[in-house]
Enquirer: 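This is the structure I want to talk about, given as structure tokens.
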2 protein chains.
Amino acid sequence: MICMATINMGDLKQRFQERQYKLTPQRQIVLQAFVDNPGKHLSAEDVHNIVRKQSAEIGLATVYRTLELLSDMDVLQKMDFGDGRSRYEINEDSSEHHHHHLICLSCGTVKEFEDDLLETLETVIARKSNFKIVDHQVKFYGYCDKCQSSRED
Amino acid sequence: MICMATINMGDLKQRFQERQYKLTPQRQIVLQAFVDNPGKHLSAEDVHNIVRKQSAEIGLATVYRTLELLSDMDVLQKMDFGDGRSRYEINEDSSEHHHHHLICLSCGTVKEFEDDLLETLETVIARKSNFKIVDHQVKFYGYCDKCQSSRED
DNA sequence: CTGTCTGCAAAAAATTTGCACTCTC
DNA sequence: GAGAGTGCAAATTTTTTGCAGACAG
């Protein structure tokens with residue numbers, strides 16, 4: 001089961017107001033790009049292209065500022081897949097139940113994967129290391145289904 | 001037990017020769033920077049500064065080229081801690097037993113942590129996902145010992 | 001000599017910043 | 001009308017590339 005990326009706009013508006021931020025059209029448009037592209041890990045430029053296609057005029061600098069703001073608010077999560085730019089995705093649930101990423105070394109596909117074993121691991125590590133862990137990010141590198149077959153030539 | 005970063009120079013020279021690369025002075029100097037700074041996660045500029053201090057003249061571009069080469073050879077591992085530049089560390093063992101990183105959200109310390117639970121997790125995920133996993137990278141974010149205490153003010 | 005490697009400077013790519021203008025409360 | 005937000009262009013930062021010369025087999 002893959003849970004759909006959703007954003008509760010009412011709730012969000014409130015979270016903005018708490019911090020005296022405004023939920024401007026540009027910010028909504030950026031968010032919409034993520035809602036419209038579930039499972040994609042969008043870079044600033046990706047977002048910029050997406051919103052431009054939808055005729056919405058918006059500056060790249062604004063996209064960057066918005067992505068940073070939304071990351072700070074934990075609405076988005078910033079991540080890095082080693083391709084030289086930051087990528088973002090909707091942060092389903094501020095603290096729990098992140099999925100992991102399986103990155104194919106051959107074709108670059110990024111597949112998502114859920115597993116609760118990591119929560120256990122987190123607990124163990126927290127205990128052993130004296131760290132108060134609040135988040136984690138896990139990347140597995142390997143070869144996807146498709147690339148495994150084509151490598152057997 | 002923390003195992004010291006070591007590099008077998010003889011073995012390394014052979015690995016270079018296999019690929020028709022040369023183990024030039026510059027490349028050795030870059031490697032030495034990592035050996036001399038165990039547990040540090042050095043960026044290209046860090047390495048450049050370190051080698052310059054040791055009176056060794058070397059171009060930044062060469063450092064970048066060397067870091068990339070060594071990563072490709074799996075001598076170093078490229079990583080990203082979200083500070084806008086790539087960082088590297090010695091890859092102890094090409095495929096197994098990577099340590100994880102505990103990153104303090106307050107002071108930025110990066111602590112290393114070993115645990116074999118993740119190997120189990122890797123097996124489980126490989127089976128469930130049809131991915132042939134060859135490597136992983138795990139980051140835990142939280143608050144270190146020190147910052148936990150100082151936050152309790 | 002031939003091909004690899006290096007340094008330098010220039011280029012490219014990603015992100016940030018300054019500033020004037022616009023919009024909202 | 002004060003402060004927040006935006007767009008644009010310029011600046012900064014990180015990384016890559018072109019090229020001429022140096023070096024190794």
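Below, read A as the first sequence line, B as the second, and so on, with proteins coming before strands; counting in each chain starts at 1. These numbers come from a predicted model, not from an experiment.
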Enquirer: Among dG5(D), dT15(C), dC19(C), which nucleotide sits nearest the side chain of Arg65(A)?
Expert: dC19(C)
Enquirer: Using whole Å, what does the distance between atom C1' of nucleotide dT17(D) and atom CG of Leu67(B) come to?
Expert: 17 Å
Enquirer: Base, sugar-phosphate or nothing for Ser43(A)? Non-hydrogen atoms, less than 4.0 Å.
Expert: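 No contact.
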Enquirer: Distance check needed: dT16(D) P versus Leu69(B) CG, whole Å only.
Expert: 13 Å
Enquirer: Which listed nucleotide (dA14(C), dC8(C), dA9(D)) is nearest to the side chain of Ala61(A)?
Expert: dA9(D)
Enquirer: Given atom CZ of Phe16(B) and atom P of dG3(C), what is their separation to the nearest angstrom?
Expert: 21 Å
Enquirer: From dT15(D), dT15(C), dA14(C), pick the nucleotide closest to the side chain of Leu60(A)?
Expert: dT15(C)
Enquirer: Taking only the side-chain nitrogens and oxygens of Gln20(A), find out if one of them lies under 4.0 Å from OP1 or OP2 of dC25(C).
Expert: no
Enquirer: What are the two closest non-hydrogen atoms of Gln148(B) and Asn130(A), and how far apart are they?
Expert: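 Heavy atoms only, the tightest pair is NE2-O, 2.9 Å.
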Enquirer: If I take atom CG from residue Leu67(A) and atom OG1 from residue Thr62(A), how far apart are they, to the nearest 0.5 angstrom?
Expert: 10.5 Å
Enquirer: Let's see if you can work this out: which of dG3(D), dT15(C), dT4(C) has an atom nearest to the side-chain heavy atoms of Lys22(A)?
Expert: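 Selected nucleotide: dG3(D).
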Enquirer: Nearest whole Å is fine: how far is dT6(D) C1' from Gln28(A) CD?
Expert: 15 Å
Enquirer: For the helix from dC1(C)-dG25(D) to dC25(C)-dG1(D), what is the angle between the axes at its two ends, each from 5 pairs, rounded to 10°?
Expert: 20°
Enquirer: Could you check how far CD of Glu68(A) sits from C1' of dT15(C), rounded to whole Å?
Expert: 10 Å
Enquirer: Can Arg52(A) and Glu57(A) be counted as an ion pair, charged N to O under 4.0 angstrom?
Expert: yes
Enquirer: How would you list, by chain and number, every residue that makes a ring-ring contact (aromatic ring centres under 6.0 Å, His included) with His101(B), sequence neighbours excluded?
Expert: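 His101(B): ring-ring contact (aromatic ring centres under 6.0 Å, His included) contacts with His41(B), Phe81(B), His99(B).
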Enquirer: Please confirm whether the shortest side-chain N or O distance from Thr24(B) to OP1 or OP2 of dC23(D) is below 4.0 Å.
Expert: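 Thr24(B) to dC23(D) OP1/OP2: no side-chain N or O under 4.0 Å.
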Enquirer: May I ask you to verify if any side-chain N or O of Thr62(A) is less than 4.0 angstrom from the OP1 or OP2 atom of dG7(D)?
Expert: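 The answer is yes; a side-chain N or O of Thr62(A) sits under 4.0 Å from OP1 or OP2.
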Enquirer: Over how many whole Å does the gap from Ile29(B) atom CD1 to dC5(C) atom P extend?
Expert: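 Between P of dC5(C) and CD1 of Ile29(B): 16 Å.
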Enquirer: Looking only at the side chain of Tyr64(A) (C-beta and beyond, no hydrogens), which of the listed nucleotides dC5(C), dT15(C), dT15(D) gets closest?
Expert: dT15(C)
Enquirer: OP1 or OP2 of dG25(D) sitting under 4.0 Å from any side-chain N/O of Gln17(B)?
Expert: no
Enquirer: Looking at dG5(D), dA14(C), dT6(C), which one has an atom nearest to any side-chain atom of Arg27(B)?
Expert: dT6(C)
Enquirer: What distance separates Lys132(A) NZ from Tyr143(B) OH, expressed to the nearest 0.5 Å?
Expert: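 One gets 9.0 Å once the value is rounded to the nearest 0.5 Å.
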Enquirer: Would you say Lys40(B)'s side chain and Ala33(B)'s backbone share a donor-acceptor pair under 3.5 angstrom?
Expert: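 Checking the backbone N and O of Ala33(B) against the side chain of Lys40(B), no donor-acceptor pair under 3.5 Å is found.
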Enquirer: Without decimals, in angstroms, what is the distance between Arg85(B) CZ and dA13(C) P?
Expert: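 Rounded to whole Å, this separation is 21 Å.
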Enquirer: Would a distance-only check, ignoring hydrogens and angles, find a side-chain to backbone donor-acceptor pair under 3.5 Å from Arg27(A) to Thr66(A)?
Expert: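 Pair absent, no side-chain N/O of Arg27(A) close to backbone of Thr66(A).
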Enquirer: Mind calculating the distance between CD1 (Ile58(B)) and C1' (dT6(C)) to the nearest angstrom?
Expert: 9 Å
